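Encoded as structure tokens, the structure appears first; notes follow it.
Not measured: the values here are computed from a predicted model.
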Amino acid sequence: MSRKRTHDSDKEMDSGSEDSSRQDSEAEAGSDSEEKEIVDVDFEFFDPKPIDFHSMKRMLMGSFGDDAEDFSLSGLVDLILSQNTIGSTVKFEGDDDPYAFLTVLNMHVHADKEPIQQIKDYLLKKAEKRGVSSKLSEIFNAPGHVGLLFSERVVNMPPQVVAPMLKMLVEELEWAVADGEPYEFEHYVLLAPMYRETEAIDDDEGGAKKRTGPAIDAYAHAEDEFIEEFACAKFDYKFSRSKRVAESRNSFADTGLAPSRRCLVIHKSKMPALIARLESALAM
């Protein structure tokens, strides 16, 4: 059943021209700043549908970064779409393509499916390198089920959509459990996209700039900073195929951004407080 909950989002867009009063004001002040136009955008929440396949796959490719080719992403999207009453997509009015989606997969129920096997093995190997594989194995092998959360969106989609999507997801899980479906999770696992910023200085001999200085970790998704507050376990990992700082992803002239991920594990008891935190911190 499609949802028809509509929200307004204020987005800043670069204006191609400036009105005369603004020009006069800036001329007097000697300012060359650009005018921004605020545009109201309506978006709606929907259940996942087969038409969303390619957009979802593209977002997941970004989520798994340089290691995406190591996973059966088509199979992963098929699993997500097979449970079309669980999770949400976000679409702008009049557009069939989702710009964000949030859902969860049961790692126990789908343990024999290739995509889940690949993700589980991948995370355990990454956890082993960080010395926390025993903790993660304990969570994966415990009687309680583990839900693998996917919270993906395009760059320009505001983080404010996450709280209502997560709240709807929890409600859907409760309804599914009441109907006898296997969606009662003990823990949730979220792979949060990160960037490690490193300062840059000029080579003493006038050559190419070298990356140096203290590393600064930053979340790519603003909401993950608040989600981390409720994590009972976490560890960072780099992509296996990443061999250099991603210069093509630089957003600052003198800063290198190295993509990585942080695995966050959240116990089910923390979900109500987590949602309340997101609603407060990222109010619509």
Side-chain angles (χ1 to χ4, degrees), residues 58-71 73 76 100-102 118-136 139 148-162 166 187-205 207-266 270 274 277-278 281-282:
R58 282 194 297 270
M59 283 186 267
L60 287 172
M61 287 179 67
S63 177
F64 287 101
D66 297 332
D67 294 343
E69 62 186 81
D70 294 333
F71 301 95
L73 296 185
L76 186 60
F101 76 89
L102 189 149
Q118 292 170 335
I119 294 171
K120 181 180 178 180
D121 292 344
Y122 178 85
L123 290 177
L124 287 173
K125 289 178 182 178
K126 295 298 184 183
E128 184 176 8
K129 292 183 178 180
R130 304 295 295 182
V132 294
S133 59
S134 59
K135 175 64 175 178
L136 191 61
I139 291 172
L148 183 60
L149 278 172
F150 294 95
S151 180
E152 307 297 335
R153 66 177 189 273
V154 299
V155 174
N156 291 333
M157 176 60 65
Q160 284 80 4
V161 301
V162 177
L166 190 56
H187 291 93
Y188 295 87
V189 173
L190 175 69
L191 307 182
M194 303 280 294
Y195 285 102
R196 170 158 290 193
E197 301 179 11
T198 55
E199 297 176 356
I201 61 172
D202 290 321
D203 191 302
D204 291 338
E205 299 180 358
K209 290 188 175 183
K210 294 181 178 180
R211 304 299 169 186
T212 185
I216 303 173
D217 290 325
Y219 280 112
H221 291 170
E223 67 275 10
D224 292 337
E225 178 181 352
F226 306 108
I227 293 176
E228 183 187 346
E229 297 173 6
F230 300 90
C232 62
K234 63 181 180 180
F235 66 91
D236 294 355
Y237 63 90
K238 298 178 181 178
F239 295 126
S240 302
R241 297 178 181 275
S242 181
K243 298 181 180 179
R244 58 183 173 79
V245 173
E247 298 289 348
S248 62
R249 302 179 193 181
N250 272 358
S251 58
F252 306 99
D254 295 325
T255 303
L257 300 180
S260 62
R261 293 293 180 268
R262 178 167 292 168
C263 179
L264 301 174
V265 181
I266 304 102
K270 300 294 184 180
L274 188 160
R277 180 75 170 103
L278 292 180
L282 303 172

Worksheet entry | Pair F64 and Y122, ring centroids less than 6.0 Å apart | no
Worksheet item: Are the ring centres of F226 and Y219 closer than 6.0 Å?
Response: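 No, too far apart.
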Nearest-0.5 Å distance, [atom1] of residue [X] to [atom2] of residue [Y]:
X	Y	atom1	atom2	value
S260	F239	OG	CZ	7.5 Å
L149	L166	CG	CG	7.0 Å
D121	D70	CG	CG	12.0 Å
L274	E228	CG	CD	11.5 Å
E225	R277	CD	CZ	8.0 Å

Quick check: closest heavy atoms across [X] and [Y], and the distance to 0.1 Å?
X	Y	result
F150	L60	CD2-CD2, 3.7 Å
C232	H187	SG-CD2, 3.9 Å
D217	M194	CB-CE, 3.7 Å
G62	R261	O-NH2, 3.0 Å
L282	P159	CD1-O, 3.9 Å
V154	M59	N-SD, 4.2 Å

Kindly list each side-chain donor-acceptor pair under 3.5 angstrom involving residues 123-133, sequence neighbours excluded, with atom names and distances?
unit_1	atom_1	unit_2	atom_2	d
K126	NZ	K238	O	2.8
K126	NZ	S240	OG	2.7
R130	NE	D236	O	3.3

Is any side-chain heavy atom of [X] closer than 4.5 Å to a side-chain heavy atom of [Y]?
X	Y	result
L191	Y237	yes
I119	V189	no
L76	Q118	no

